[in-house]
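The structure appears below as structure tokens.
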Amino acid sequence: MAQKMLVTGGCGFIGSNFVRHILANNDRYEIVNLDTLTYAGNLENLRDVENHPRYTFVKGDICDEDLVNRLLADGADVIVNFAAESHVDRSITDPGVFVRVNVLGTQTLLAAAKEHGVPRFVQISTDEVYGSLGPEGLFTEETPLQPNSPYSAAKAGADLLVRAYHQTYGFPGLITRCSNNYGPYQFPEKLIPLFISNALEDKPLPLYGDGMNVRDWIYVDDHCRGIEAVVEKGRPGEVYNIGGNNELANVTITKEILKQLGKPESLITFVKDRPGHDRRYAIDSTKIQTELGWQPTVSLADGMARTVQWYQDHREWWERIKSGEYMEYYDRHYCQAHGLKE
Ligand code: NAD
Ligand code: TYD
């Protein structure tokens with residue numbers, strides 16, 4: 001019999017890629033996707049699998065204790081928690097919602113999972129909890145947590161709760177910390193989809209500061225396979241770093257996007273830097289490679305070519321987001337199809 005996996009935040013960028021990956025490649029799981037559909041949650045991201053026999057969508061908030069308890073009363077073999085507020089710039093203008101969702105939401109899930117004896121809980125975290133690196137060195141799982149933005153501070157708070165549940169109650173929590181993802185279905189507020197879509201519209205690409213901040217880019221499918229390995233083989237209480245081994249300065253990746261699209265570098269506009277802007281992230285993923293046999297498989301050249309092509313081919317998807325029309329999909333299509341009140 002299939003195992004029941006509760007995925008939270010499955011209508012966002014990584015969550016939707018993960019749900020699609022599991023449904024296509026791993027028939028051991030049936031998935032319940034709990035997502036409250038914030039601005040970043042888009043039902044259109046999973047339109048192609050919405051009637052899949054091993055998939056159910058539930059609209060709801062991970063902070064809703066009654067709902068989470070009701071869902072877990074039916075039993076769950078594993079929870080994979082993607083649900084979060086995820087954009088650093090938004091966390092600078094509105095930190096409160098990041099604490100509510102990322103910290104209190106995770107605590108609500110942990111408490112309910114403990115109550116119902118859920119045997120596995122995978123927290124999807126980020127390398128940003130480690131803070132910023134100088135020109136040398138890599139983040140390992142032992143690097144102290146030094147988050148610099150309200151986003152990463154709230155993610156670190158959630159990580160510490162998962163750790164504390166393991167230490168205090170023997171709760172079977174695991175944590176993944178991944179570097180910057182890119183690929184299909186990423187909301188066009190993040191660097192790569194914002195710059196591809198702006199370039200396609202001949203709009204300026206706003207590069208923060210001197211453009212020399214470095215991120216370690218990973219294609220989203222590689223991240224999804226890493227999470228799957230942790231779900232299936234990771235050791236409870238452990239942290240697993242996941243990284244792409246692709247360090248690049250923002251200005252370099254920006255020029256690459258323009259080159260692939262045949263657009264002029266004059267679209268680059270240097271703007272005021274992000275406050276508290278982390279200079280460099282880079283991941284040492286030796287642990288997951290040696291312990292769980294995972295490796296990144298998509299080169300940056302291949303991943304960027306696929307990504308640029310996807311945004312060219314799915315112009316309607318990102319145009320509907322930029323215009324706000326995508327939010328009507330739930331109201332019009334999903335509620336009608338399920339006999340719900342809009
Ligand atoms: P995203 O913003 O695209 O998606 C977040 C999803 O969570 C959305 O579908 C949203 O509707 C849902 N959500 C938000 N609040 C919720 C709530 N209260 N209850 C239920 N659902 C809620 O984010 P993403 O980029 O897909 O990131 C997913 C996870 O991976 C996050 O936890 C993030 O911290 C982590 N992560 C992201 C990256 C990256 O590069 N994007 C890298 C490492 C880790
Ligand atoms: P982002 O995609 O927001 O991810 P994160 O801040 O979580 O790493 O940003 C990636 C890098 O790109 C980061 O150094 C900030 C920079 N950036 C810009 O220069 N301009 C932009 O408009 C955005 C959104 C990001």
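Start at 1 and go down the list; that is how both ligands and their atoms are numbered.
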Query raised in the report: Can D210 and R279 be said to form a salt bridge (charged side-chain N to carboxylate O under 4.0 Å, His left out), step by step?
Result: CA-CA 11 Å; D210 62 2; R279 193 66 174 165; 2.8 Å; yes
Report task. Give the C-alpha distance, both sets of side-chain angles, the deciding distance and a yes or no for side chain to side chain contact (heavy atoms under 4.5 Å, CB included) between Q312 and L261. Result -> CA-CA 9 Å; Q312 285 180 294; L261 290 172; 3.6 Å; yes
Query raised in the report: For M212 and V251, what are the C-alpha separation, side-chain angles and deciding distance, and is it a side chain to side chain contact (heavy atoms under 4.5 Å, CB included)?
Result: CA-CA 6 Å; M212 291 306 290; V251 68; 3.7 Å; yes
Requested in this report: Apply side chain to side chain contact (heavy atoms under 4.5 Å, CB included) to H223 and I124, showing your working.
Outcome: CA-CA 10 Å; H223 185 194; I124 306 306; 4.2 Å; yes
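An N or O contact shorter than 3.5 Å links G12 to ligand 1 by distance. Residue V101 has no nitrogen or oxygen atom sitting less than 3.5 Å from a nitrogen or oxygen atom of ligand 1, judged on distance alone. Remark: ligand 1 and R100 share no N or O pair separated by less than 3.5 Å (distance only, no angle test). At least one N or O atom of K155, backbone or side chain, sits closer than 3.5 Å to an N or O atom of ligand 1. For a threshold of 3.5 Å applied to N or O pairs, the pair formed by D61 and ligand 1 contains at least one separation below that value. Inclusion of N180 in the set of residues having an N or O under 3.5 Å from an N or O of ligand 1 is not warranted. The shortest N or O to N or O distance between I62 and ligand 1 is below 3.5 Å. Of the N or O atoms in Y39, none lie within a sub-3.5 Å distance of an N or O in ligand 1.
At a heavy-atom distance under 4.0 Å, atoms from both the backbone and the side chain of T38 approach ligand 1. When non-hydrogen atoms are compared, ligand 1 lies under 4.0 Å from neither the backbone nor the side chain of T8. Residue-level proximity to ligand 1 for W217 is absent, since no heavy atom of it falls below 4.0 angstrom.
In summary, the atoms of ligand 1 found under 4.0 Å from a heavy atom of G9, numbered by their order in the structure, are 6 (C), 7 (O), 9 (O), 12 (C). Heavy-atom contacts of L37 reach the following atoms of ligand 1: 11 (O) (cutoff under 4.0 Å). The distance from ligand 1 to the heavy atoms of S125 drops below 4.0 Å at these ligand atoms: 43 (C), 44 (C). Per-residue contacts place G60 under 4.0 angstrom from the following atoms of ligand 1 (heavy atoms of the residue considered): 19 (N), 20 (C). Less than 4.0 angstrom separates some heavy atom of S179 from each of these atoms of ligand 1: 42 (C), 43 (C). Less than 4.0 angstrom separates some heavy atom of Y151 from each of these atoms of ligand 1: 33 (C), 34 (O).
For the 3.5 Å distance criterion, the side chains of Y311 and Q186 fail to qualify, holding no donor opposite an acceptor. A donor-acceptor pair shorter than 3.5 Å can be found between the side chains of T8 and N81.
At most 12 heavy atoms of other shown residues, nucleotides or ligands fall within 6.0 angstrom of atom CD in Q146.
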Output block, N or O contacts of ligand 2, threshold 3.5 Å exclusive:
| unit_1 | atom_1 | unit_2 | atom_2 | d |
| --- | --- | --- | --- | --- |
| ligand 2 | 2 (O) | L191 | N | 2.9 |
| ligand 2 | 3 (O) | R274 | NH2 | 3.0 |
| ligand 2 | 4 (O) | N180 | ND2 | 3.4 |
| ligand 2 | 6 (O) | R274 | NH1 | 2.5 |
| ligand 2 | 6 (O) | R274 | NH2 | 3.3 |
| ligand 2 | 7 (O) | E128 | OE2 | 2.5 |
| ligand 2 | 8 (O) | N180 | ND2 | 2.9 |
| ligand 2 | 8 (O) | R215 | NE | 2.7 |
| ligand 2 | 12 (O) | N250 | ND2 | 3.4 |
| ligand 2 | 14 (O) | R215 | NH2 | 3.2 |
| ligand 2 | 14 (O) | N250 | ND2 | 2.9 |
| ligand 2 | 14 (O) | H277 | NE2 | 2.7 |
| ligand 2 | 19 (O) | Y208 | N | 2.8 |
| ligand 2 | 20 (N) | P206 | O | 2.7 |
| ligand 2 | 22 (O) | P206 | O | 3.3 |

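Protein heavy atom at the shortest distance from atom 43 (C) of ligand 1 is C178 O, 3.4 Å. Scanning the protein heavy atoms around atom 23 (O) of ligand 1, the nearest turns out to be S86 OG, 3.3 Å.
A tilted orientation is assigned to the rings of W310 and Y185, their planes being inclined by 30° to 60°. Relative ring orientation between F18 and F82 is described as tilted, the plane-to-plane angle lying within the 30° to 60° band.
Exactly one residue among V80, L72, V78 makes a side-chain contact (heavy atoms from CB on, under 4.5 Å) with L6. That residue is L72.
In this structure, CZ on R235 lies 9.5 Å from CG on L174, to the nearest 0.5 angstrom.
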